[in-house]
2 protein chains.
Amino acid sequence: MANLPETAGPLYEKVKEYILDHIISGAWGKDQRVPSEHELVSMLGVSRMTVHRALRELTSDGHLVRIQGVGTFVAPPKPYSTLIEIVDIASEIRTRGARYRADILLLESLQPSQELLAAFDFATRKAVGHSMILHHENDMPVMIEERFVNSDLAPDYDKQDFSAITTYDFLQKSTPLTEVEQVIAAITADEETARMLALEAGAPCLLLHRRTWTGSTVATVNRFTYSSRYTLGSRYAPGSFR
Amino acid sequence: MANLPETAGPLYEKVKEYILDHIISGAWGKDQRVPSEHELVSMLGVSRMTVHRALRELTSDGHLVRIQGVGTFVAPPKPYSTLIEIVDIASEIRTRGARYRADILLLESLQPSQELLAAFDFATRKAVGHSMILHHENDMPVMIEERFVNSDLAPDYDKQDFSAITTYDFLQKSTPLTEVEQVIAAITADEETARMLALEAGAPCLLLHRRTWTGSTVATVNRFTYSSRYTLGSRYAPGSFR
DNA sequence: TCTGGGAAGATGTCTATACATGTCTCGGCA
DNA sequence: TGCCGAGACATGTATAGACATCTTCCCAGA
């Protein structure tokens with residue numbers, strides 16, 4: 001009988017650790033077959049449900065791949081990825097000790113263009129909520145926020161008072177988001193953007209494009225245009241090694 | 001007896017859906033107490049282990065908070081922050097089905113400037129490893145990777161053959177990184193950058209600045225300059241971090 | 001030779017039961 | 001009055017057993 005590690009904690013954690021040790025040490029290499037649940041039960045002297053839970057959690061962590069009826073295999077190593085956290089601009093500015101202000105430039109309901117309909121996956125044909133807000137740090141404009149909101153999910157978006165509640169807080173309450181897609185690009189400010197952000201024409205800007213889903217329908221389409229005076233950044237511990 | 005949803009799939013998924021429905025509809029609000037496992041067993045007519053699994057998974061997804069001995073509660077809404085995942089450029093290009101190539105422009109050891117020393121928190125006074133690599137998608141240059149490596153941690157960095165192993169793989173093996181700091185900015189390409197990326201002078205570029213730590217010492221300082229033809233992006237479900 | 005069927009073995013789910021562990025309350029005792 | 005301990009109740013873990021579902025493989029029969 002093999003020996004489980006002697007660390008403290010529940011049994012299934014020890015089983016996880018036992019298996020992870022074999023993966024990390026290279027004893028069980030990529031794509032190699034891991035002992036079956038039944039074999040692990042015999043080897044480790046624990047019940048099948050305990051082994052099953054350990055294997056299931058290692059699978060959802062991406063360390064193993066399981067195929068019903070076939071077996072359990074060591075997952076290929078994760079690709080190199082790091083995470084960057086994008087924080088609410090109001091709190092980011094305030095935590096730097098700067099003054100924050102937002103001007104509502106526009107709040108309306110509009111018929112979506114063909115391009116916008118495509119961004120919504122053609123999930124709605126009705127008018128969508130539309131807002132443009134200019135965010136300031138110490139009275140200097142730093143970001144243009146433009147949102148398009150699916151009016152099936154938040155019908156009264158264009159009737160809110162966004163000086164009292166932020167657009168995010170309102171959306172959070174009306175539509176629980178379940179998925180996010182984000183793209184960051186560098187663009188050259190057009191004339192209007194440069195004017196709003198008090199930049200010279202042709203200055204580079206950061207464009208953060210974000211779509212959110214509620215279930216399988218697109219809830220919002222957003223464009224955040226950051227002044228070149230501003231940087232997106234974070235301090236983040238990488239998750240990838242467990 | 002309450003009714004479980006009639007969707008297909010395992011029982012514990014239906015229990016999860018039943019609970020999520022009550023949270024999303026607002027029937028069970030923030031911080032409100034959720035029925036205990038025992039109550040859910042009576043209400044839904046399933047075993048406690050099945051209820052427990054549903055509650056456990058909803059907890060690890062961030063929808064619930066459980067306190068042993070006390071109860072289960074609806075989790076407060078997530079703070080406004082989303083994560084963007086930055087993937088290894090080689091695998092990102094390859095998963096798009098494009099051809100990937102990297103040219104090593106430079107590999108040397110150099111005495112750090114005062115500015116570079118500051119980036120290293122003055123943790124080293126010796127020469128640092130320095131590399132510049134140009135990454136191509138379908139033979140079109142898309143990113144300049146420039147790395148400075150603390151030679152206390154990876155002394156032979158400038159003697160590696162980075163056509164055989166990627167800089168990341170080498171660093172991953174020699175220095176386990178424990179923390180990452182990243183900043184994204186939009187910059188205007190200077191003349192040399194524009195030439196290397198085959199852009200017009202003055203084109204906007206994405207600059208990703210990354211520092212990594214091993215313990216409390218700075219391991220690497222990196223600058224990734226992305227062509228304006230390229231976007232940083234990801235698809236990422238929010239929340240779910242354990 | 002080809003094909004269908006069944007056995008074997010793998011993972012996936014569900015239940016009933018038991019015990020462990022943490023929290024809170026309430027009542028009795030000093 | 002204050003404290004502390006028992007009990008109620010919550011979640012957390014572990015087990016044995018049963019059945020479901022899926023894949024693979026081999027063999028019997030056409």
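Naming: A, B, ... by sequence-line order, numbering from 1 per chain.
Side-chain atoms of A/Thr167 and A/Val149, non-hydrogen and from C-beta on, never get closer than 4.5 Å to each other. Using a 4.5 Å cut-off on side-chain heavy atoms (C-beta onward), A/Phe120 and A/Val221 make contact. Under the 4.5 Å side-chain criterion, counting only non-hydrogen atoms from C-beta, B/His136 is not in contact with B/Val142.
Summarising the geometry, the separation between CG on A/Leu55 and C1' on C/dT13 is reported as 15 Å, rounded to the nearest angstrom. Whole-Å rounding puts the A/Glu57 CD to C/dG12 P distance at 13 Å. The CZ atom of A/Arg48 sits 11 Å away from the C1' atom of C/dC14 (whole-angstrom rounding). Atom CZ in A/Arg66 sits about 13 Å away from atom C1' in C/dG9, given to the nearest Å. Rounded to whole angstrom, the span from the CG atom of B/Leu40 across to the C1' atom of C/dC14 amounts to 17 Å. Rounding to whole angstrom units, OH of residue B/Tyr12 and C1' of C/dT15 are separated by 16 Å. Look at CD on B/Gln68: it is 6 Å from P on C/dG22, rounded to the nearest Å. Rounded to an integer number of Å, the gap from NE2 of A/His52 to P of C/dG12 is 5 Å.
Aromatic ring centres of B/Tyr157 and B/Phe162: separated by under 6.0 Å.
Counting all heavy atoms, side chain and backbone alike, A/Ala75 lies closest to A/Gly62 at CB-O, 3.3 Å. Residues A/Pro112 and A/Lys126 approach most closely at CD-O, 3.4 Å, considering heavy atoms.
Phosphate contact (OP1/OP2 of C/dG9, side-chain N/O of A/Ser36, threshold under 4.0 Å): absent.
When distances are taken from the side chain of B/Met49 to each of C/dG12, C/dG22, C/dA16, the shortest belongs to C/dA16.
Scanning atom types as modelled, no donor and acceptor separated by under 3.5 angstrom connect the side chain of A/Glu37 and the base of C/dT11.
The local environment of CZ in A/Arg223 is sparse, with at most 12 non-hydrogen atoms from other residues, nucleotides or ligands closer than 6.0 Å.
Both A/Val70 and A/Val46 lie close to DNA chain D; mapped to their nearest nucleotides by heavy-atom distance, the more 5′-ward contact belongs to A/Val46. Nearest-nucleotide mapping onto DNA chain D: of B/Arg33 and A/Gly9, the residue sitting toward the 5' end is B/Arg33.
Taking every nucleotide of DNA chain D with any atom under 4.0 Å from a non-hydrogen atom of chain B, the first and last of them, 5' to 3', are D/dA10 to D/dA14.
Using a 4.0 Å heavy-atom criterion, one finds that A/Ile67 contacts the sugar-phosphate atoms exclusively.
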